[in-house]
Amino acid sequence: MVESGAAQPLLDMQGIGKTFGRGPATLQGLSLSLGRGEFLSLLGPSGCGKTTALRLIAGLIAPTEGRIRWAEPKPRLSFVFQSPTLMPWATVERNVWLPLRLAGRSLAAARGEIAAALRLVGLEAAARAYPRELSDGMKMRVSIARAILTRPDLILMDEPFAALDEITRFRLNEDLLAIRAATGCTVIFVTHSVFESVFLSNRICVMAARPGRVAAEIPVPAPYPRGDAFRGAPDYAALCQRVSGTLRQAMGEAA
Amino acid sequence: MTDPAPLVLAPPDAEERRRRRAGRFERIGRWAFPLAVVLLLLAAWDRIVVWNDIPPYVLPSPRLVIGTLATDWPVLLPALLVTLQITLLALLAAVLGGVGLAVLFTQSRLAEMSFYPYAVILQVTPLVAIAPLIFIYVGSKLAALLLCAWIVAFFPVLSNTTLGLRSADHNLQDLFRIYGATRWQRLRYLQAPAALPYFLGGLRIAGGLSLIGAVVAEYVAGTGGTGSGLAFRILEASYRLNIPRMFAALLLIALTGVAIYGALNLLSYMLLRKWHESAVRRER
């Protein structure tokens with residue numbers, strides 16, 4: 001795995017601030033650096049600006065202060081939202097096709113990639129189904145398949161599993177790590193779950209609110225692959241406790 | 001089920017039986033009850049006319065209306081075809097104009113600000129107030145009739161389609177931005193499919209309105225001769241106190257309206273049945 005802040009960071013943000021209208025600053029002095037191949041979690045309570053930070057990185061909104069510096073050539077991004085965000089009128093296959101369709105590729109020409117992406121999320125049998133016929137967990141898998149279709153350099157995930165039940169979430173966490181191992185992509189993962197962030201990432205940025213900023217960075221040294229056994233390991237429990245404590249501290253500061 | 005094996009379907013419990021009864025009631029009742037009401041009303045109508053000895057120029061019996069429909073068919077059929085032609089052309093124009101303007105309005109804020117108020121003014125002004133002017137200024141009678149019917153019918157298509165084009169999921173719009181979609185791609189792959197259910201809702205209203213527009217415009221035009229529609233035949237029959245023919249023509253107009261509504265409903269169902277909540281059958 002690549003060390004954090006390796007030779008050339010994929011992404012470097014220094015002193016980022018974002019204020020909406022005349023309200024208080026949503027983000028202030030946010031600094032963050034991301035190395036190629038990292039799995040970084042942004043962990044924090046609701047309202048700490050995690051999602052705003054992710055939308056800034058995606059280029060959907062512009063910062064009011066500071067600059068976002070990208071590696072050259074600019075990495076290709078994809079985004080996974082909290083809701084599956086599928087087009088209800090299109091089959092699974094045609095939903096996954098979207099990024100390539102927008103790049104001008106026909107369905108026939110993209111079929112191989114679509115099948116490969118669906119195989120990675122374990123849904124090759126559901127290619128012709130409509131989203132409404134799928135469970136919430138399966139819909140999220142389709143959303144992930146769409147995000148990995150073009151083999152992007154960086155995947156931004158905004159609490160993708162927050163609305164799922166715990167059993168499904170655990171399965172998807174493990175599968176996400178397997179997908180990452182297979183594709184080697186870099187991930188920024190927004191979550192409010194301490195356990196999820198420790199299980200998935202090799203670095204956690206704990207965020208504080210009002211104004212949103214990075215309060216602490218905690219590396220997760222445990223090696224990949226991590227399976228369900230990792231959840232019972234003593235270093236997992238110790239890390240969770242430590243991250244929990246840091247999070248409480250960050251929230252205490254803000255209150 | 002005559003399977004002697006012990007493992008057979010459990011007999012339906014009370015809840016299951018109740019649900020099946022309710023389902024059967026729903027299926028049959030949807031047809032049977034309106035039909036029963038119509039038959040009762042017709043019977044009452046018929047009896048009132050016969051028992052009170054009401055002359056046909058005051059109130060014809062239903063049997064006479066049906067008879068007139070058959071005997072006057074050579075007069076009524078061409079009139080029906082004329083009305084139908086104007087209605088369908090006006091509906092087509094309403095779809096083209098309504099969708100075209102909706103796309104324009106959602107693509108250009110300037111166009112929307114400039115023209116939307118006029119669309120509203122056209123919509124809220126009663127047709128009968130504008131129609132006489134249209135018949136003065138537009139030379140061709142067909143074109144004038146079409147214009148009148150179009151004015152009544154296009155607004156629901158415009159307003160519904162505009163709403164639909166704007167209703168695409170915000171996250172999906174963001175995703176299109178991240179993938180660098182062009183304006184045309186966004187319109188075609190995201191906004192148009194998202195607007196389809198709204199458009200179809202507007203179309204159903206426009207179908208009825210274009211018939212109303214066609215009939216009202218013809219009344220205002222009031223001219224006869226060849227190529228006149230059902231509305232003129234009703235006017236003409238009323239001058240001659242031919243009440244049975246008035247009823248027969250009215251029946252034809254009503255049936256045309258029902259047929260248009262049914263056809264548009266079917267179209268809507270066919271287009272949406274795979275994915276939209278309004279058309280997808282729920283398993284109970």
Is the closest side-chain heavy-atom distance between [X] and [Y] below 4.5 Å?
X	Y	answer
B:Asp174	A:Arg55	yes
A:Ser83	B:Asn171	yes
A:Met87	B:Asp169	no
B:Trp275	A:Pro131	no
B:Leu172	A:Phe81	no

Tell me every residue that passes side chain to side chain contact (heavy atoms under 4.5 Å, CB included) with B:Leu88, counting only those two or more places apart in sequence or in another chain.
B:Leu84

Counting only heavy atoms not in [X] (residues, nucleotides, ligands), do more than 12 fall under 6.0 Å from its [atom1]?
X	atom1	value
A:Phe20	CZ	yes
B:Arg186	CZ	yes
A:Ile167	CD1	no

With a 4.5 angstrom heavy-atom cut-off, could you sort out which part of [X] is near chain B: side chain, backbone, both or neither?
X	result
A:Thr91	neither
A:Leu98	side chain
A:Tyr130	side chain

What distance separates [X] [atom1] from [Y] [atom2], expressed to the nearest 0.5 Å?
X	Y	atom1	atom2	answer
A:Thr85	B:Leu175	OG1	CG	7.5 Å
B:Tyr179	A:Arg76	OH	CZ	10.0 Å
B:His276	A:Trp89	NE2	CH2	10.0 Å
B:Gln185	A:Arg101	CD	CZ	9.0 Å

Residues of residues 188-213 of chain B near chain A, each having a heavy atom less than 4.5 Å away:
B:Tyr189, B:Leu190, B:Pro193, B:Ala194

May I ask you to list the residues in residues 102-124 of chain B that approach chain A closer than 4.5 angstrom, counting heavy atoms only, ordered by number?
none

Looking only at heavy atoms, which of residues 45-52 of chain A get nearer than 4.5 Å to chain B?
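Within residues 45-52 of chain A, no residue comes under 4.5 Å of chain B, counting heavy atoms only.
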
